[in-house]
Amino acid sequence: MSLLEINNLYKSFGGLGAVINFNFSIQPRELTGLIGPNGAGKTTVFNLITGVYKPDKGEILFQGQNIAGLSPHTICQKGIARTFQNIRLFKDLSVIDNVKIAFHKNISYNLASTLIRLPAFFKGEEAIESKAMEYLNIFKLEHKRDEIASNLPYGEQRRLEIARALATQPKLLILDEPAAGMNPQETKELMELIEWVREKFELSILLIEHDMSLVMGVCERLYVLDYGQVIAEGLPEEIRNNKKVIEAYLGEEVGEC
Amino acid sequence: MQEKSKSWLKFLSEVILLVLLFTLVQYALSAGLVNQSYQITLTSMCINVILAVSLNLINGFTGQLSLGHAGFMAVGAYASVIITNFMDLPFIIGILGGCLAAGIAGFVVGVPTLRLKGDYLAIATLAFGEIIRVVLQNIDYVNGPAGIVGITKLTTWSWLYWAAILTILVIVNLMNSSYGRAIVSIREDEVASELMGINTTGYKVLAFVIGAMFAGLAGVLYAHYFYIIKPETFNFLKSFDMLVMVVLGGLGSTTGAVIAAIFITFLTLALQKYAAMRMVIYSLILIIVMIYRPQGLMGTKELSRKTFARIWGGKK
Amino acid sequence: MLEFSQQMINGLSLGAIYALIALGYTMVYGIIKLINFAHGDIMMVGAYVGFFSITLLGTNIVVAMLVAMIFCAALGVIMEKIAYRPLRNSTRIAALITAIGLSLFLEYITVVILGPAQKVFPASAFPVKVYNIAGLSILNKQIFVFVSAVLLMLILQYIIKRTKTGKAMRAVSLDQEAAVLMGISVDRTISITFAIGSALAAAAGVMIGVYYQTINPLMGIIPGLKAFVAAVLGGIGLIPGAMVGGFVMGLLETMVSGYGNSLYRDAVAFGVLIIILLIKPTGLFGKNTGEKV
């Protein structure tokens, strides 16, 4: 069974179809890329999957269950986490608190033990603290634990955002342009990190990316979106030689990469 | 093990300090060392602390600007007076009933309005606060605009003091927990918070209800000290008073809210004879703080054991 | 039916006043996304300026209105420069709190200077006449209020649709950055918006003085809030919306106090506000826009 299967997804804004009859599937532990020119509707697809927008039509099956139209926090609790195109950290909070917040959905102590400080509270807080440190270690942010998130350099903010998303313990991780604004060296490290994360946490990853070398290098399968419709789907090699894709997208952009 | 006994020692010393402060004032009161005017100031101070700290939970920590806090204070005040004076039940039932009624009112107001954002929410809560007042004015059972006179004075220094301490304790404990982090994440970025699996609507309502309950508590204590309550007492200017304290102290700092509440209480006392001038100063505080120090006195910082340890040159 | 028509007449003149105030809210919101809480208080200042113009300078009502409009236009511009401009890039909550501060400031500085007592608008400035037409009694002040309000709205409409300034205002409210690139001075345009909005409020203030005959330092609060509700009702940021909203609020209020309980008169406005905010926060004529993620 596919981890995520999308059938005939449709969303329009003011009569203009942003995503038209979108079909998609991702297998467990698969790394899939979603590419397409600017304004093709990639981020809209992400917003539909994660519940930020409600689809007009179609179904989104996650582990066989239709999640279309559920609230974002419910969808996250079911096991889908994401990052954002323009980083959205909790800016004024410390690095470790950013990660700790992601653990809240699995909170082990209740409100009463919080207010009167029962042992369950201290035990739960200790567990959260050590788990959060684990994630900071993985992303080499442990020495910045008490830093305010907005004071981190750009690359570290990106990493923190991924760490935070992973901390919700998802089965599907969605990355919206994770390499945006990174230099080639950072992008290379990020690629390796993404691969490694998938192995270590045994999850599926879906990513939007403009950096062709990253997409071609790391993704096992690609979907190409143009004007809200899937125009091609397949292995990176197939996509590279697909005429329609070259016309719509690669033809104008591949030269820059 | 040594760590643990140390923190116990600190905890114990704090409790002793609090009891000491309480006893000191209690002694001064019973020995007749405090005149009428200062007694009232002391009462207002505790009530203001409760109001500022609870409003700060909504406005400062959750980041939802509410201008209807006086409405919940009114609900608490009226509900408790019905219980104690009309039904002749004990004060503690009045307190619990007042808090409960205000909490329910907070829930009823919060569920529909908290979907709104920013300034729309502010206006909607202001409107609800005013509706509560107008409704009270039109209920004959509580004497309409004339209000209820002759309320038995049941609020004592111990009720005031421990109620204020309880408020601070509950909110500090709440905020230093995973629930508190969830609440603050809403202020920081509501969309991201929701996508991290946090039921933002639920926590906004939770913060709103807790805030409203403590506003109700403040209302109960107010009603049973000042002998008379009128709907007009709880109009939106009263909500603005509370806003001044929270803004001055720093949106998102309990310490700041407490300090500002105490400061504003003394300012009110000093300007007792110049009510209009007091409001001019309040308004200037709002404007100047927002332009020159929008984070308020304390920003989001808190005074804690750690701070004191640092001041004393301790290791952290 | 007669009773109803009478209420309609009362409602229309009251509504014209609300519409004038609502226009200022909507224009300012349209351009800097700020609920100018102090707008109702500018109206109050306008009423006082009109009052002093009549009593001290001995002008007639029309001149008094012009004096008030000029004074308040200047006041609006100064207010924006001192208090709102430094906050243009901070959070909306900060701007709103400042607006609340300004509102309280105008109210209580007036109390400090002029005292809290109300002042009676000199009746000689506007001798009351009653016209009886088909069983309805229409006061000349109702005609005056209605006609001058409509006239001002027409002038505003002309400015916004036909002049360069109006085009600049519309451009800035649509996209500030693009407007800058087109060579529009955003600061100047915002100042003009405040000036026009405040002048309209001042006119409304003088009208309220004529209409209710008494003025006091806190008179701006309730009409201000009601006009705000009118602006939200019509869709905040939309100029025709504010006009329609104003008339609706005026009619609603006179109907409620005419047929229902006048104690609930003020609560009705808030009730309308809450219903609108919950059902369609963008107002009757507004379009929905979501947050971009």
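Protein chains get the first letters and strands the later ones, always in sequence-line order, with residue 1 at the start of each.
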Quick one: what part of [X] sits under 4.5 Å from any heavy atom of chain B, side chain, backbone, both or neither?
X        : result
C:Tyr84  : neither
C:Leu277 : both
C:Leu96  : side chain

At a heavy-atom separation under 4.5 Å, does [X] approach chain C through its side chain, its backbone, both, or neither?
X        : value
B:Leu126 : side chain
B:Phe240 : side chain
B:Leu237 : side chain

[X] [atom1] to [Y] [atom2] distance, which is reported to the nearest 0.5 Å:
X        : Y        : atom1 : atom2 : answer
C:Ile35  : B:Asp119 : CD1   : CG    : 4.0 Å
B:Arg187 : C:Thr91  : CZ    : OG1   : 11.0 Å
C:Ile97  : B:Ile285 : CD1   : CD1   : 13.0 Å
C:Phe105 : B:Leu286 : CZ    : CG    : 12.5 Å
B:Tyr282 : C:Leu104 : OH    : CG    : 10.5 Å

Are there residues of residues 247-276 of chain B whose heavy atoms fall under 4.5 Å of chain C's heavy atoms? If so, which?
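Under the 4.5 Å heavy-atom cut-off, B:Val247, B:Leu251, B:Ala276 qualify.
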
If the contact rule is any heavy atom under 4.5 Å from chain C, which residues of residues 51-69 of chain B qualify, in numerical order?
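Under the 4.5 Å heavy-atom cut-off, B:Gly63, B:Leu65, B:Leu67 qualify.
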
[X] atom [atom1], neighbour heavy-atom count above 12 within 6.0 Å:
X        : atom1 : answer
B:Arg293 : CZ    : yes
B:Tyr141 : OH    : yes
B:Lys301 : NZ    : no
C:Phe71  : CZ    : no

Locate the shortest heavy-atom distance separating B:Met290 from C:Thr98; write the atom from each residue and the value.
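Result for this residue pair: CB-OG1, 3.3 Å.
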
For the candidates C:Leu225, C:Leu87, C:Leu34, C:Ile82, which exhibits the highest count of non-hydrogen atom pairs separated by less than 4.5 Å from chain B?
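When all of C:Leu225, C:Leu87, C:Leu34, C:Ile82 are compared, C:Leu87 has the most.
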
May I ask you to name which of C:Ala269, C:Gly101, C:Pro86 has the most heavy-atom pairs under 4.5 Å with chain B?
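Winner by heavy-atom pair count: C:Gly101.
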
Contact check, side chains of C:Phe37 and B:Ile123, non-hydrogen atoms, under 4.5 Å:
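Yes, their side chains come closer than 4.5 Å.
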
Best-contacting candidate, B:Ile131, B:Asn138, B:Ile291, B:Val135, against chain C by heavy atom pairs under 4.5 angstrom
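Most heavy-atom pairs under 4.5 Å with chain C: B:Asn138.
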
Could you list the donor-acceptor pairs under 3.5 angstrom formed between side-chain atoms of residues 103-115 of chain B and any protein atom two or more places apart in sequence or on another chain?
{"unit_1": "B:Thr113", "atom_1": "OG1", "unit_2": "B:Val109", "atom_2": "O", "d": "2.6"}
{"unit_1": "B:Arg115", "atom_1": "NH2", "unit_2": "C:Leu278", "atom_2": "O", "d": "3.1"}

Would you mind writing out the side-chain donor-acceptor pairs for residues 108-120 of chain C within the sub-3.5 Å range, not counting sequence neighbours?
{"unit_1": "C:Thr110", "atom_1": "OG1", "unit_2": "C:Leu106", "atom_2": "O", "d": "2.5"}

How far apart are the C-alpha atoms of C:Ile100 and B:Phe236, what are their side-chain angles, what is the distance that settles it, and do they pass the side chain to side chain contact (heavy atoms under 4.5 Å, CB included) test?
CA-CA 11 Å; C:Ile100 293 172; B:Phe236 62 88; over 6 Å; no

